[in-house]
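Just so you know, these numbers come straight off a predicted model, no measurement behind them. Atoms within each ligand, like the ligands themselves, are counted from 1 in listed order. For the numbers below, each heavy atom of this structure counts, side chains included, while hydrogens, waters and symmetry mates do not.
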Amino acid sequence: MPTAYRASIVHCLGDPGESGDSARYEYFVDGALVVDAGRVVAVGDATEVLGGRQDVEVVDHRGKLLMPGFIDCHVHFPQVDVIASYGDQLLEWLEDYAYPGEARYADADYARSAAEFFLDELLANGTTTAAVFATVHAHSAEALFEAASTRRMRLVAGKVLMDRNCPENLRDDAESAYADSKRLIERWHGNGRLGYAITPRFALTSTEAQLAAAGRLAGEHPDTWVHTHLAENDNEIAEVRKLYPWSPSYLDVYDHFGLLRERSLFAHCLHLGDADRRQLHEKRCSVAFCPTSNTFLGSGLFDLASMRDAQVRVGLATDVGGGTSLSMLRTMAEAYKVLQLGGQSLPASRALFLSTLGAAEALGLDRHIGNFLPGKEADFVVADPAATAIGARRDTQLETIEERLFALLTLGDDRHIVATYVDGRRVSG
Ligand code: GUN
Ligand code: ZN
């Protein structure tokens, strides 16, 4: 029997843009989302959708806000151990915290329990899909895929490739990187809701031979993802220039090795020019905007307007542990502040887009997830803007959905996530 979830419902049909165009989202004050066998059947006003139907079971979330599950476009699962480490910029932070933390994942049991912890935290925060870096250890990616499979989550992940400029105990090499990734692709890519991302950490930690191996894999498996970092920090960019003096730009390093194509996903992209953005667009690449990380590591301010003007797909991302929260609500709030500092703005409806449909587009998954069009997979989240005392007080003053959503994302975190559903089943809350 189908199930109807009754609540206030909001979902995006397109990018509401900097003006928050209300034609790009739908809002039903008293709405119903009908789900059958893990798929969306219908969404709309409760009276219209439910009509005289007797053949549905109704789950009552009235007074709450029901939205598509959040999508985190870039996050490091082993960095749940080093989140909130004090005081460094990127390259020092990697040396001091990220690499020592990731070295613990040589222990497969440790990796397995961290993967379970990480995914349960995502779900508690209303995040139903993510693009995830594991560690250099193939078993860390195995552990994550196993845990995601148990939870029936749609997840994109990969083993990190790194064979220079990092601690010895975290190095693979070009051949083992290729062989391990290939084996993981064969085992996990397209297995249920899982997808594989070829994951060179960044240009600084791979030899040219390894980037070439990654490019070969990307060519042999065109429907996998390529997931890496780009132009995050000034010192990183200077080092890339030294290591690849022949390359006209940082982005061209990746292009040279065949890593720019549909389903290539670049985290950060703070220090780029118009030519880079054109290149990203022409090669159909996507970008992850990581606001809490960019402020925490002092990396810079993302230019959303220029990226969207260049028609590059952008999804929002936490980048934990450079980022400071797994909550996409907290991340939306920080995105708003980052854009304010850059003289731009972010209506709540666009923040929602960047965390749902826009993120699904950035991952090339919008056929499956991102909003409530009939036939899409039923991943959704129920939030309570009044879950905290200050939220409840503020909520009494609000009228429009833009206002209500904005207060929710500005004040919200996992306390506001009442329930998370994956594949039509309640998995958290
Ligand atoms: N660049 C290369 N590795 C990392 C990482 O782990 N975090 C961030 N924020 N940037 C990176
Ligand atoms: Zn990152």
Side-chain angles (χ1 to χ4, degrees), residues 72-85 87-105 114 118 130-137 140-141 144 156-167 170-172 197-206 210-211 214 225-240 243 250-251 253-254 259 264-272 286-302 314-326 331 334 338 362-363:
D72 183 343
C73 281
H74 176 75
V75 59
H76 300 252
F77 102 77
Q79 294 180 7
V80 290
D81 294 331
V82 299
I83 187 172
S85 294
D88 281 341
Q89 294 225 343
L90 175 64
L91 298 180
E92 298 75 25
W93 181 85
L94 289 171
E95 291 288 336
D96 294 346
Y97 305 117
Y99 296 153
E102 292 183 21
R104 276 183 230 136
Y105 288 70
F118 169 76
V132 188
F133 269 53
T135 64
V136 71
H137 315 97
S140 74
L144 191 65
V156 173
K159 168 205 130 57
V160 169
L161 316 182
M162 48 202 286
D163 65 348
R164 66 167 154 175
N165 294 323
C166 62
L170 282 176
R171 289 185 197 184
D172 55 6
I198 299 157
T199 309
R201 182 170 210 120
F202 63 160
L204 285 188
T205 47
S206 286
Q210 184 169 74
L211 290 179
W225 284 260
V226 172
H227 190 188
T228 188
H229 297 91
L230 173 66
E232 176 178 5
N233 166 285
D234 287 335
N235 292 339
E236 167 209 9
I237 293 164
E239 290 300 316
V240 168
L243 269 190
Y250 192 163
L251 184 58
V253 173
Y254 294 134
L259 294 168
S264 292
L265 173 64
F266 296 96
H268 305 297
C269 300
L270 300 180
H271 309 286
L272 296 181
S286 299
V287 164
F289 170 20
C290 311
T292 74
S293 171
N294 298 157
T295 51
F296 186 73
L297 295 176
S299 303
L301 302 177
F302 186 74
V314 177
L316 204 55
T318 65
D319 191 32
V320 161
T324 52
S325 172
L326 287 172
T331 306
E334 205 75 357
V338 161
L363 296 182

For ligand 1, note which part of [X] has a heavy atom under 4.0 Å away: side chain, backbone, both or neither.
X: Leu94; answer: side chain
X: His76; answer: side chain
X: Asp319; answer: side chain

Say whether, by atom type as modelled, one donor and one acceptor occur between the side chain of [X] and the main chain of [Y] under 3.5 angstrom.
X: His268; Y: Cys290; value: no
X: Asn233; Y: Glu236; value: yes
X: Ser206; Y: Pro200; value: no
X: Thr295; Y: Pro291; value: yes
X: Asp172; Y: Leu161; value: no

Exercise. Quick one: sort the Phe77 and Phe118 rings into parallel, tilted or perpendicular, breaks at 30° and 60°.
Key: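 The rings of Phe77 and Phe118 sit tilted, inter-plane angle from 30° to 60°.
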
Quiz item: If you measure from atom 1 (N) of ligand 1 to every heavy atom of Glu102, His268, His229, His74, which option wins on shortest distance?
Solution: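 Of the listed residues, His229 has the closest heavy atom.
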
Practice problem: Verify whether the ring centers belonging to His229 and Phe266 lie closer than 6.0 Å. | Solution: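 Distance test on ring centres: not under 6.0 Å, no.
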
Quiz prompt | Output field: ring centroids Phe133/His74 closer than 6.0 Å | solution =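 Centroid separation for Phe133 and His74: below 6.0 Å.
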
Practice problem: Would you mind running through ligand 1 and noting each atom that sits below 4.0 Å from a heavy atom of Phe202? | Solution: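 That gives atoms 1 (N), 2 (C) of ligand 1.
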
Quiz item: Closer than 4.0 angstrom: is that true for some heavy atom of Glu236 and an atom of ligand 1?
Solution: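 It does not, in that no heavy atom of Glu236 comes within the 4.0 Å cut-off of ligand 1.
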
Practice problem: Report the angle formed at the Zn ion (ligand 2) by atom NE2 of His229 and atom NE2 of His76, rounding to the nearest 10°. | Solution: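 My answer is 100°, to the nearest 10°.
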
Practice problem: Please say whether Trp93 places an N or O atom under 3.5 Å from an N or O atom belonging to ligand 1. | Solution: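 The answer is no, given that Trp93 and ligand 1 share no N or O pair closer than 3.5 Å.
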
Quiz item: Got an N/O contact under 3.5 Å between Arg201 and ligand 1?
Solution: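 Yes, there is a polar N/O contact under 3.5 Å.
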
Quiz item: How far is atom 10 (N) of ligand 1 from its nearest protein heavy atom, and which residue and atom name does that atom have?
Solution: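 Nearest neighbour among protein heavy atoms for atom 10 (N) of ligand 1, to 0.1 Å: Glu232 OE1, 2.7 Å.
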
Exercise. Answer yes or no for Asp319: is there an N/O/S atom below the 2.8 Å cut-off from the Zn ion (ligand 2)?
Key: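 Asp319 does place an N, O or S atom closer than 2.8 Å to the Zn ion (ligand 2).
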
